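For reference, the structure is listed below as structure tokens.
Source: prediction; values computed, not measured. So that the names make sense, note that chain A is the first sequence line, chain B the second, and so on, each numbered from 1.
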There are 2 protein chains.
Amino acid sequence: MARKTEARRKELREALILIAERTIAAEGLSALRARDLAKEAGCAVGAIYNVFGDLTDLALAVNARTFHRLGADVAEALADAPTDPVEQLVVMGQAYHRFAAANHNSWRALFDIERAPGEAAPDWYLAEMGRLFQYISDPLAALFPKHSAADLTLLTRALFSSVHGIVLLGLDEASAGVPSDDIDRMIALVLRQFAGSQ
Amino acid sequence: MARKTEARRKELREALILIAERTIAAEGLSALRARDLAKEAGCAVGAIYNVFGDLTDLALAVNARTFHRLGADVAEALADAPTDPVEQLVVMGQAYHRFAAANHNSWRALFDIERAPGEAAPDWYLAEMGRLFQYISDPLAALFPKHSAADLTLLTRALFSSVHGIVLLGLDEASAGVPSDDIDRMIALVLRQFAGSQ
DNA sequence: GCTAGCGTTGAACTGCGTTCATTTGAAAGG
DNA sequence: CCTTTCAAATGAACGCAGTTCAACGCTAGC
């Protein structure tokens, strides 16, 4: 019986993640509703809470998948990139932009989850973030061989944050959305200027 | 009679803005509740809706004030800054950081308001944003006299977004908050590197 | 079959923003 | 003054969320 239950829960868990993923992608994080989920999954509302602590946990599970896809996209872009470290940075920045634009709602959900104050980010979040940072810090280490590890960490964070900021404000239609080409141009501008000048 | 009513509404409007401002500053945007507001203001819940269309309108009124304070802080920092354009950019970036850190909840509320899809940002938002952009584009124009106006606009946006991204992720405690000094260092790094190397 | 006990269920609870039938009170007219 | 009138203020009620838990039903072991 323990087996049966566990298997059923696992099945429900995965079904719920898929439905939530589709909902968030199509209508955004705020469209995630317990009753709608239950109806779509063909289960009771309470069943959701047998499998996830609350809806935020479910959204976090979706975010883990989104973050993973993002990482994969960036890695793929990097694989096809030239060997020049500066160009690698530019390619990755623009891959980040492409992912955010193509998965706007899902990407926004990564940052829109209300975090309980004082609560640390989940492990997978930090791990995935670390993976992204590694992609950035490798070309930077090649560009700045003299810098200390601490300096490289700071540089990495600064560049990631800069690209993130450019994409975030660029895609925000409220501030009169910026054309996609302009976003790519800004990313290239900042990264080339930064890393190009030794 | 018309006078009396109008005066009372204006008074209530301002009282509500002050209470909401205090609430948002102390506990964040999500702590804004109609019933609490009414209790604090000594009015009926319905009275709020005689003065504001909904709670979002009230939050926007608070945001207008916050944005104005932010602009004033940056302008003040600029007034005390050296004449070197690069240093002016650095000083402004760090003033932005200081404001965000010292007014975390209020600053976050500027970007956390759920915007109706397709709805443009309010005029005051665009106007205040334009003021900030002007502060940035002036030193940039001095640094890059050869660039076209369109290029300067792009540069301005790119640098603002970069600083915003650095502050946003740096202050986000979920991703293991970055020490304040490191944030300042990253801002200086990006801006000096960018603007310093002609 | 029977029953003990655990997993599932969905009605009910709480708390939110928002509305609107009712009440109130101020101004105009007698 | 008192009465009439009507717009503005009121707060109980509504709709809609997330979450809970007493009751139900299924399954496994006898």
Q: Kindly say whether, by distance alone, the side chain of B:R35 makes a donor-acceptor pair under 3.5 Å with the base of C:dG15?
A: no

Q: Could you pick out which residue, A:G46 or A:R33, lies toward the 5' side of DNA chain D when each is mapped onto its nearest nucleotide?
A: A:R33

Send over the distance from [X] [atom1] to [N] [atom2], rounded to a whole Å.
X     : N      : atom1 : atom2 : value
B:D36 : C:dG15 : CG    : C1'   : 11 Å
B:F52 : D:dA9  : CZ    : P     : 14 Å
A:E11 : C:dG7  : CD    : P     : 17 Å
B:L58 : C:dT18 : CG    : C1'   : 14 Å
B:D54 : D:dG15 : CG    : P     : 20 Å
A:K39 : C:dG10 : NZ    : C1'   : 13 Å
A:Y49 : D:dT20 : OH    : C1'   : 9 Å
B:I48 : D:dG11 : CD1   : C1'   : 12 Å

Q: Answer with base, sugar-phosphate or nothing: what part of the nucleic acid does B:L37 contact at a heavy-atom distance below 4.0 Å?
A: nothing

Q: Remember a base hit wins even if backbone is also touched, and classify A:L32 as base, sugar-phosphate or nothing at under 4.0 Å, heavy atoms.
A: sugar-phosphate

Q: Tell me whether the OP1 or OP2 atom of D:dA9 has a side-chain N or O from B:N50 closer than 4.0 Å.
A: yes

Q) Would A:F67 end up clustered with A:L18 when hydrophobic side chains under 4.5 Å apart are linked, directly or stepwise? A) no

Between [X] and [Y], ring centroids under 6.0 Å:
X      : Y      : answer
A:H97  : A:W107 : no
A:F194 : B:F194 : no
B:H164 : B:F111 : yes

Q: In plain terms, say whether A:K39 and A:D36 are close enough for a salt bridge, that is, a side-chain N and a carboxylate O under 4.0 Å apart.
A: no

Q: State which of D:dT10, C:dA11, C:dG17 makes the closest approach to the side chain of B:C43.
A: D:dT10

Q | Residue B:A44, side-chain atoms from C-beta onward, closest of D:dT10, C:dG10, D:dG18 | A | D:dT10

